[in-house]
Every structure is written in C-alpha cells, then in structure tokens.
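Everything numeric in this text was worked out from a predicted model, so none of it was measured. Excluded from the calculations below are hydrogen atoms, water molecules and symmetry mates; all remaining heavy atoms, backbone and side chain alike, are included. Counting starts at 1 for both ligands and their atoms, in listed order.
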Amino acid sequence: MRLYNTLSRQKEDFQPIDASHVRMYVCGPTVYDFAHIGNARPIIVFDVLNRLLRHLYGQSAVTYVRNITDVDDKINARAAERGISIRELTEETARIFHEDVAALGCLKPDVEPRATEHIVEMIAIIEKLIAAGHAYAAEGHVLFSVPSMGDYGQLSRRPLDEMIAGARVDVAAYKRDEMDFVLWKPSKESEPGWDSPWGRGRPGWHIECSAMSWKHLGETFDIHGGGIDLVFPHHENEIAQSRCAFGAKVMANVWMHNGFLQVEGEKMSKSLGNFITIRQLLATEDFGDQKWAGDVLRLAMLRTHYRQPIDWTARGLDEAQKTLENWADLVARHKIASATPTPHASVVEALLDDLNTAAAFAALAELAKASRHDYSAAQNLANTALWLGFDTSAWFARAGDAAGDNLDPAFKAQVESLVAARLEARAQKNFAESDRLRDELAAMGVQLKDGKGANGEAVTTWEVKR
Ligand code: AMP
Ligand code: ZN
C-alpha cells in the first residue's frame, strides 16, 4: 500500500512498525454541537482506511483510536449559553455524533478515549517536558518552549513569520517566546478543572491527543490522521509534545490529511448560512428539498479522492443516489439475497494507491456494467459494496421482492400462472393474447422481463414495481 505522507510530502510504501499490530489515531470531534458534513469527511475517509488495513493485515491486527474532545472552552461557553451542565452537553452531543456516523456506515473505532479520562497521562507528559527543559510553568500556566526543539515545524513547513502570526492569537506576558503554546492553564471556580502540580486547571487542546495516543498506541505508532486544517498548529504541536517527552524521532510514521469540503462552491460557514449538519441531510428537507440516505452521503463523500477538495452539491447527491439505485437494481435482478463483506480485487488495487476511492468507484462501475449479464459480477458488486460500508440489506429485500419471496402466496400463484399463460401464447405466436396478458399483469403492478435460458428457451422473469 502506498500512502501520501504530509510529513515527507510524497507517497510512500506503507511499512507498519509491527504487521501483527497496526496502529492508527484520528482526531475526533469536539462535542459541543451537531457535526457538520465537513466533519463527516475524516470520519468516512479513515473508516475506509480502517477497513482496508483490516483486509490487509487481519481483522484483529489493527487498533483504530478516535478520540472525543470533551474539555474545551467552546464546550464551556455553549453549556453556559444553554443553561445545562457540561456533562449533559458533551453526553448529548456524543450520542448524536454516534448516531450520525453509524448512519453513514462507519464502523466504531476500537478505542474512543475521552480527554477528561486522560488527565493523569496529560500531567505525566507535561512533567516529562518540564524535566527535559521543553516546558515551563508561569502564572498557573504551563507552556511548551518552541525554541527548545531544534526541528520544530517539520510537518507544516510554514515560514517562521506565518507561524508567529498563527501563535500570536494569544499573546501573554507569561510567554517567553511568541510561538510557545499552552499545555495547561488555570481554571476559574466556574470552569472545569483538575488538581495539578501547577494548581487547579485544565489542559490545552494539543496535549489531549498526545496523551490519548500515548496511552492507547504507545510513544510511536503508524498512522495519524485528520482534516488538513489540523496540520498547523494542532498536529505540529502534538508532534512537538510527544517527540520531546519521549525522546522519539517521530510520533507517527505517516501523517494523513483530508481536504476540505465546501458547499455549492462556497466555503462552509455559519455566517454564510450554508453550514449544514449531517443530521439535517439525513432527517430533514434542508438541502435540495430532499432527505438523503446515509449511503448516499457516504458515496457522495467517497467519490472524490480524500486529498482533493469536495464541492458538496445537491446534484452530486442526486448522482450518488442514482448510482446506488442502479446497483440495487442489478443485485435484485439476479435475485442476490445475501453477501459476504469482501472487496473485489480491482477495488483493493485502487485503494492501495493512496486510498484512491475515486478509482475504486470507477472499478465498481465496471463491475456494475458486467453485472447486467453476469451473476457473479453482481455478487461481487454486492460483496464489495457491503465491505465498503454500504447498507445492502435493502437491496437484498428488493431481491426477495423480485423473487416474490415476500409476496402473498395467492398473489404470487396468480402472477405465475398468468406469466406461464403468456409464455404459452407467445410460443403459439398468439401475440394479441400475450400482449393482453402483459397488460393484465402490468395492471397488477407486475413488470416482466423476457430473456433466454441456458438452452436458448424463452424465459420470463417478473418483479413487482412499488
Ligand atoms: P473540529 O470539530 O473543527 O475540530 O473538526 C473535526 C474534524 O473535522 C477535523 O478533522 C477537521 O479537520 C475536520 N473538518 C472540519 N471542517 C471541515 C471541512 N469543511 N471539510 C473537511 N473536513 C473538515
Ligand atoms: Zn488531535
């Protein structure tokens, strides 16, 4: 497998540190509000990578960790605004997030650590950093000393002045250098806080991920992922903390970042009023006057390669829906009623090239084309779609309908006798009668397909059109 590594700015052969235990960390949501469709992108993209890693290295050979950030100033502010407790807000938001991403066909990560449950590890890392001269305490704060790290900035490779401008958001007298960033800060009585060697306080955002990945994956692991906006400062600072605390050359070997999603050609933002949540798309009629199945959103997301920007449009969703309809039809036509989650080789091959889902769907389109006349291609299509996280159960139910399995037996017997009578009429070249029978069946909602059997004999299949 080849993966584009943001650290080296090139595609590299993927070599796990330990092929019997592949380890991946992805930055998860800060739980204060509904996740928007942009937030869904890293969840869906890294879900596909998780599935691919398991296919390559074994179901139980992968540990996928995706955290929940449940301590953050945005959370405090929102809880106060709504007049509920922080706990209520984070629990409610996490529950909604879980429902949303399940509807999008994403598997659960193996571990879903919460920041508030890893304060001990955060304090331990901060103490290591202070002891090694990479951090200092000042006025109840602890700051990471950026100049103490000779090769700070390798991930984002930003020019120094840009990094300073980025860090300047919180200028403070207690900072020794403009670029130093917060590891720990004091909490007021009304704010959540934990006892620490520096007084009652709470962690900075970056230290949370260093602590959770350390606890669950170790000092150095294989893959770290997230959206492109996290490269600086979040991931740059995670790297600084973890490498300096553990004296490690790298924190993670491969750094992967998905591109951004925009809506109908515009940046998605609350102020533009084009901010759209997963829930709205799933449950209401807010986008293109239509409610969308989770599968449609998943396909629309994955049709673009993960590093490219996506323009999220109602038209794109329409197209994804038509594609899924077509697959369901093909599978039903062959009366395929079950599948095993295994990917077709052509799809695996596409994904091995830096998770090229766009090429994977082109390969699926080829399978779909072959499925028109080929039962085994249709079975492969179903198997691969199921493996990719699409909900094929409705397809199989439709296959059951097409086969008449779910119909009233008396109705089915009547249809079958009419179909047989029509075949008989055709064999006798009594086309007036065969057309009349076709119309009679159509009036019953039954659609016929005439074809040939294995020995060239006339065969008619039928299905009930809803
Ligand atoms: P946040 O809650 O802002 O920390 O974002 C959670 C995840 O969603 C991060 O991995 C972000 O990079 C990602 N993300 C946020 N907005 C977008 C967007 N418009 N397109 C793609 N990814 C996004
Ligand atoms: Zn993170």
Side-chain angles (χ1 to χ4, degrees), residues 6 24-47 49 64-75 77-78 89-90 93-94 96-97 100-101 104 106 109 111-115 118 121-122 125 155-156 181 183 203-217 221 223-242 251-252 255-272 274-278 281 297 300-302 304-313:
T6 306
M24 172 162 79
Y25 186 94
V26 173
C27 295
T30 302
V31 283
Y32 67 100
D33 204 348
F34 290 99
H36 60 62
I37 189 65
N39 299 138
R41 195 172 190 192
I43 306 294
I44 294 174
V45 162
F46 291 102
D47 178 66
L49 183 55
Y64 174 29
V65 180
R66 190 185 65 216
N67 73 290
I68 285 188
T69 293
D70 59 353
V71 47
D72 184 279
D73 291 350
K74 288 191 288 273
I75 297 175
R78 182 61 57 86
L89 176 65
T90 57
T93 312
I96 292 168
F97 172 76
D100 285 353
V101 300
L104 297 174
C106 298
V111 190
E112 193 173 54
R114 288 175 188 237
H118 295 74
E121 287 79 7
M122 296 176 206
I125 296 179
L155 182 72
S156 54
F181 59 87
L183 301 171
W205 173 34
H206 318 308
I207 195 71
E208 299 178 7
C209 286
S210 282
M212 289 182 273
S213 60
W214 175 42
K215 169 86 182 280
H216 299 285
L217 297 175
F221 50 95
I223 300 172
H224 193 314
I228 189 81
D229 58 322
L230 298 187
V231 171
F232 186 86
H234 186 53
H235 288 168
E236 195 72 83
N237 291 350
E238 279 187 37
I239 291 174
Q241 296 159 163
S242 294
M251 177 184 186
W255 289 79
M256 292 176 69
H257 296 98
N258 63 269
F260 250 47
L261 175 148
Q262 43 178 22
V263 174
E264 304 281 4
E266 278 187 320
K267 184 174 182 276
M268 187 167 64
S269 78
K270 279 195 171 149
S271 55
L272 285 173
N274 63 356
F275 179 91
I276 181 148
T277 65
I278 302 170
L281 288 164
L297 308 181
M301 192 70 85
L302 290 173
T304 305
H305 185 268
Y306 77 92
R307 282 195 284 125
Q308 302 298 319
I310 290 192
D311 190 21
W312 192 257
T313 61

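- Remark: ligand 1 and N39 share an N or O pair separated by less than 3.5 Å (distance only, no angle test).
- Ring geometry for H234 against W205 counts as parallel: the plane angle stays under 30°, on a 0 to 90° scale with 60° as the upper cut.
- Counting the atoms of ligand 1 from 1 in the order shown, those under 4.0 Å from a heavy atom of L230 are 9 (C), 10 (O), 12 (O).
- Close N/O approach between D229 and ligand 1 is found [any backbone or side-chain N/O within under 3.5 Å].
- Using modelled atom types, no side-chain atom of T30 and backbone atom of T69 make a donor-acceptor pair closer than 3.5 Å.
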| field | Test log, rule side-chain contact (heavy atoms from CB on, under 4.5 Å), inputs I310 and M301 | value | CA-CA 8 Å; I310 290 192; M301 192 70 85; 3.7 Å; yes

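- In terms of protein heavy-atom proximity, atom 22 (N) of ligand 1 is nearest to G38 O, 3.1 Å.
- Looking at heavy atoms from C-beta onward, L155 lies out of side-chain contact with F232 at the 4.5 angstrom threshold.
- At least one heavy atom of P42 sits less than 4.0 Å from an atom of ligand 1.
- Of all atoms in ligand 1, listed by their number and element, those nearer than 4.0 Å to a heavy atom of N258 are 21 (C), 22 (N).
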| query | Is there a side chain to side chain donor-acceptor pair (under 3.5 Å) between N67 and Y25 once you walk through the steps? | reply | CA-CA 8 Å; N67 73 290; Y25 186 94; 3.2 Å; yes

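- At the shortest separation from atom 17 (C) of ligand 1 among protein heavy atoms lies F260 CZ, 3.4 Å.
- Excluding waters, the set of protein N/O/S atoms under 2.8 Å from the Zn ion (ligand 2) reads C27 SG, C209 SG, H234 NE2, E238 OE2.
- Against a heavy-atom cut-off of under 4.0 Å, G259 is close to the following atoms of ligand 1: 21 (C).
- The closest approach between any non-hydrogen atom of H36 and ligand 1 is below 4.0 Å.
- The protein non-hydrogen atom at the shortest distance from atom 10 (O) of ligand 1 is G227 N, 3.0 Å.
- S242 is linked by a side chain to side chain contact (heavy atoms under 4.5 Å, CB included) to S210, F246, M251, counting only residues two or more places apart in sequence or in another chain.
- Every residue meeting the side chain to side chain contact (heavy atoms under 4.5 Å, CB included) condition with I228, not counting sequence neighbours, appears here in chain and number order: V231, H257, F260.
- Between F181 and P233 the shortest side-chain heavy-atom distance does not fall below 4.5 Å.
- For the residue pair H206 and E236, no side-chain donor N or O sits within less than 3.5 Å of a side-chain acceptor on the partner.
- Nearest protein heavy-atom contact of atom 4 (O) of ligand 1 is T30 OG1, 4.3 Å.
- Counting atoms of ligand 1 from 1 in the listed order, those under 4.0 Å from a heavy atom of L261 are 18 (C), 19 (N), 20 (N), 21 (C).
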| query | How far apart are the C-alpha atoms of E264 and T313, what are their side-chain angles, what is the distance that settles it, and do they pass the side chain to side chain donor-acceptor pair (under 3.5 Å) test? | reply | CA-CA 5 Å; E264 304 281 4; T313 61; 4.9 Å; no

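- Every residue two or more places apart in sequence or in another chain that forms a side chain to side chain contact (heavy atoms under 4.5 Å, CB included) with H216 is listed here: V65, V111, P113, H118.
- Remark: side-chain polar atoms of N258 are not paired, donor with acceptor, to backbone N or O of R307 under 3.5 angstrom.
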